[in-house]
There are 2 protein chains.
Amino acid sequence: MGISEPFDAAIEALIRRLSLRDHLPEDERNALRSAAVRSRNFAAGDDLVVQNSKPSVSMLIASGMVARYNIIDDGARQITAFHILGDFVDLHGFLLSRLDHSISALTEVTVVEFPHEALEHITEQYPHLTRMLWLSTLLDAAIHRQWLVAIGRTSAMSRLAHLFCEQFVRAGLVGLATQDSFPFPITQAQLADALGISPVHVNRTLQELRARAVLEWHGGIVSILDWPGVQSIGKFDEAFLDIEHRRR
Amino acid sequence: MGISEPFDAAIEALIRRLSLRDHLPEDERNALRSAAVRSRNFAAGDDLVVQNSKPSVSMLIASGMVARYNIIDDGARQITAFHILGDFVDLHGFLLSRLDHSISALTEVTVVEFPHEALEHITEQYPHLTRMLWLSTLLDAAIHRQWLVAIGRTSAMSRLAHLFCEQFVRAGLVGLATQDSFPFPITQAQLADALGISPVHVNRTLQELRARAVLEWHGGIVSILDWPGVQSIGKFDEAFLDIEHRRR
DNA sequence: TAGTCCCACTAACCTAGGTAATAGCGCCCC
DNA sequence: GGGGCGCTATTACCTAGGTTAGTGGGACTA
């Protein structure tokens with residue numbers, strides 16, 4: 001195995017995630033496999049991409065967790081997305097000239113790189129696979145919209161619960177969750193930056209969730225104790241993740 | 001003119017918007033023109049699409065203004081996007097199974113419809129045009145991210161100013177703005193739903209902007225009095241709109 | 001085995017923005 | 001030409017969540 005292992009893990013997870021939405025024929029799977037050129041490792045805290053850069057590759061996550069974020073001039077930070085195994089973190093960088101945000105590793109991370117020429121080749125040769133990759137960026141946008149709704153119009157409690165629900169379902173889609181738990185190896189401060197609240201209030205709110213006995217979060221693992229309860233607090237409806245197998 | 005007028009207005013505005021990012025050859029322009037089948041009118045307040053429906057066409061705006069929004073069970077509403085002339089409101093509905101939000105007309109609106117089969121045909125025959133349409137949805141996502149940053153981490157003042165900046169620039173791109181003004185025909189309550197604040201606070205904040213003499217908003221027209229001032233209050237940097245002409 | 005981080009957690013106090021209720025004003029429509 | 005009606009504006013009061021300034025514990029380090 002050696003060098004081929006991260007390739008396999010990441011690409012098969014991507015294929016698995018896409019296959020939930022439509023069948024991927026073997027030639028398209030192979031096109032994906034041969035578009036990846038190499039893997040790269042990052043330590044926790046490293047930036048994979050910095051704002052305003054013009055990357056020439058897009059990165060698929062093979063292990064670990066990353067965040068996309070923006071820094072505001074006063075030093076505040078807003079995380080706009082979390083990504084895990086099988087997520088194409090900056091696929092949009094293929095068509096956007098310069099990235100409007102940075103991406104940093106929340107844990108140790110391994111990614112697989114896809115040169116933009118290889119992606120362009122896919123768009124020239126494989127229309128259906130192109131639609132599936134396009135879909136993958138549309139799902140990211142749908143998640144952005146859910147975050148907007150949560151941050152704009154719901155309480156800290158709801159936002160927190162909603163995010164846990166989303167991460168639980170997404171981890172499950174790539175085989176990283178058990179029936180009632182999933183890895184969530186970040187700090188309360190990072191979570192605060194994603195939810196648009198202060199770290200202190202994240203702590204307060206977590207205690208309330210713990211007191212209500214709907215979930216626990218220790219040692220980087222979230223355990224769901226009462227799934228309907230969390231969903232209801234978070235007003236979570238997984239429809240936006242569009243997990244439906246059909247021709248696209 | 002007659003029936004062909006909205007087609008022309010909408011499609012030429014779309015072409016203009018895309019052409020800012022890369023050259024669109026004549027055959028691709030014609031492919032777009034022939035993919036549109038008919039226009040439709042909506043009165044202010046009508047829903048163009050309701051949440052969870054499965055549309056079989058995508059709509060390009062020919063005139064008027066629409067909002068994408070989600071309703072939360074407690075009745076609160078969050079607007080996640082505004083769209084004007086030349087915007088493909090629900091292009092993502094082409095690949096997503098069911099829409100995760102509703103779309104409603106804020107003014108009288110005319111749209112041009114593109115059947116999903118016609119869009120699929122484009123993806124099969126015109127790889128470059130496909131990338132450009134994909135890009136158009138990526139720009140929507142980039143705007144979502146900016147809204148997330150604004151709503152999550154900035155004051156009501158900044159959010160308001162940021163939104164005005166964004167709308168001013170976007171209106172300019174399709175020829176709807178003058179040097180220092182643009183149409184913004186919505187109510188303070190609708191604006192509140194986009195910014196994630198209350199209508200009362202929108203009013204308070206507008207007065208503050210007026211007092212600082214950076215902009216005015218009367219009769220559905222926003223007049224920018226001090227462009228650097230508005231940009232600085234809104235921490236606005238148009239880079240995320242990716243207005244750069246290059247091969248994509 | 002003491003020293004130093006980093007992170008979860010706590011407490012006291014503070015403020016941006018929410019809520020409710022109401023007034024005024026233009027516009028349309030009989 | 002008067003009566004709704006939708007929108008802006010205003011006031012008084014309230015609260016979710018922010019801020020600041022800590023404590024305590026676990027893990028690596030010397």
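Below, read A as the first sequence line, B as the second, and so on, with proteins coming before strands; counting in each chain starts at 1.
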Colleague: Could you check whether B:Phe184 and B:Phe164 have their ring centres less than 6.0 Å apart?
Modeller: yes

Colleague: Which donor-acceptor pairs under 3.5 Å do side chains of residues 219-230 of chain B form with protein atoms, sequence neighbours excluded?
Modeller:
residue: B:Asp226; atom: OD1; partner: B:Gly229; partner atom: N; Å: 2.9
residue: B:Trp227; atom: NE1; partner: B:Gln231; partner atom: OE1; Å: 3.3

Colleague: Does a side chain donor of either B:His201 or B:Arg204 reach within less than 3.5 Å of an acceptor in the other side chain?
Modeller: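 There is such a pair between these side chains.
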
Colleague: Between D:dG18 atom C1' and A:Asp74 atom CG, what is the distance in whole Å?
Modeller: 14 Å

Colleague: In terms of the angle between their ring planes, are B:Phe240 and B:His162 parallel, tilted or perpendicular, with boundaries placed at 30° and 60°?
Modeller: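 It falls in the parallel class, under 30°.
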
Colleague: Rounding to a whole Å, what distance do you find between A:His201:NE2 and C:dG17:P?
Modeller: 15 Å

Colleague: Using a cut-off of 4.0 Å on non-hydrogen atoms, how would the nucleic acid contact of A:Thr205 be classed: base, sugar-phosphate, or nothing?
Modeller: nothing

Colleague: Drop me the distance from A:Ile103's CD1 to A:Tyr69's OH, to the nearest 0.5 angstrom.
Modeller: 9.5 Å

Colleague: Categorize B:Gly196 for me: base, sugar-phosphate, or nothing, with a 4.0 angstrom heavy-atom threshold over every strand shown.
Modeller: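 It contacts sugar-phosphate atoms only.
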
Colleague: Check the interface with nucleotides 6-13 of chain D: list each N/O to N/O pair with the protein under 3.5 Å, or write none.
Modeller:
residue: D:dT8; atom: OP2; partner: B:Gln188; partner atom: N; Å: 3.0
residue: D:dA9; atom: OP1; partner: B:Arg210; partner atom: NH2; Å: 3.4
residue: D:dA9; atom: OP2; partner: B:Gln188; partner atom: NE2; Å: 2.8
residue: D:dA9; atom: OP2; partner: B:Asn203; partner atom: ND2; Å: 2.8
residue: D:dA9; atom: O5'; partner: B:Asn203; partner atom: ND2; Å: 3.4
residue: D:dT10; atom: OP2; partner: B:Gln207; partner atom: OE1; Å: 2.8
residue: D:dT10; atom: OP2; partner: B:Gln207; partner atom: NE2; Å: 3.0

Colleague: D:dG17 P sits how many Å from B:Arg153 CZ, rounded?
Modeller: 13 Å

Colleague: Rounded to whole angstroms, how far apart are CG on B:Leu191 and C1' on C:dG17?
Modeller: 15 Å

Colleague: Taking the side chain as everything from C-beta on, heavy atoms only, tell me whether A:Lys235 gets closer than 4.5 Å to A:Arg153.
Modeller: no

Colleague: What does the list of N/O pairs under 3.5 Å between the protein and nucleotides 26-30 of chain C look like, with a distance for each?
Modeller:
none

Colleague: Between B:Leu195 (CG) and C:dG18 (C1'), how many Å, whole number?
Modeller: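 Going from CG in B:Leu195 over to C1' in C:dG18 covers 15 Å.
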
Colleague: In whole Å, I'd like the distance from the CZ atom of A:Arg159 to the P atom of D:dG17.
Modeller: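 Rounding to the nearest Å, CZ of A:Arg159 and P of D:dG17 are 6 Å apart.
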
Colleague: Looking at B:Arg68, B:Arg145, B:Arg17, which hits salt bridge (charged side-chain N to carboxylate O under 4.0 Å, His left out) with B:Asp140?
Modeller: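 Testing B:Asp140 for a salt bridge (charged side-chain N to carboxylate O under 4.0 Å, His left out) against B:Arg68, B:Arg145, B:Arg17 leaves exactly one candidate, B:Arg68.
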
Colleague: So, does A:Thr205 use its side chain to make a donor-acceptor pair with the main chain of A:Met157 at under 3.5 Å?
Modeller: no

Colleague: Does B:Asp87 reach the main-chain N or O of B:Ile84 with its side chain, forming a donor-acceptor pair under 3.5 Å?
Modeller: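 Indeed, once roles are kept as given, a pair shorter than 3.5 Å links the two residues.
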
Colleague: Whole angstroms only, please: what is the CD1-P distance between B:Ile151 and C:dG17?
Modeller: 12 Å

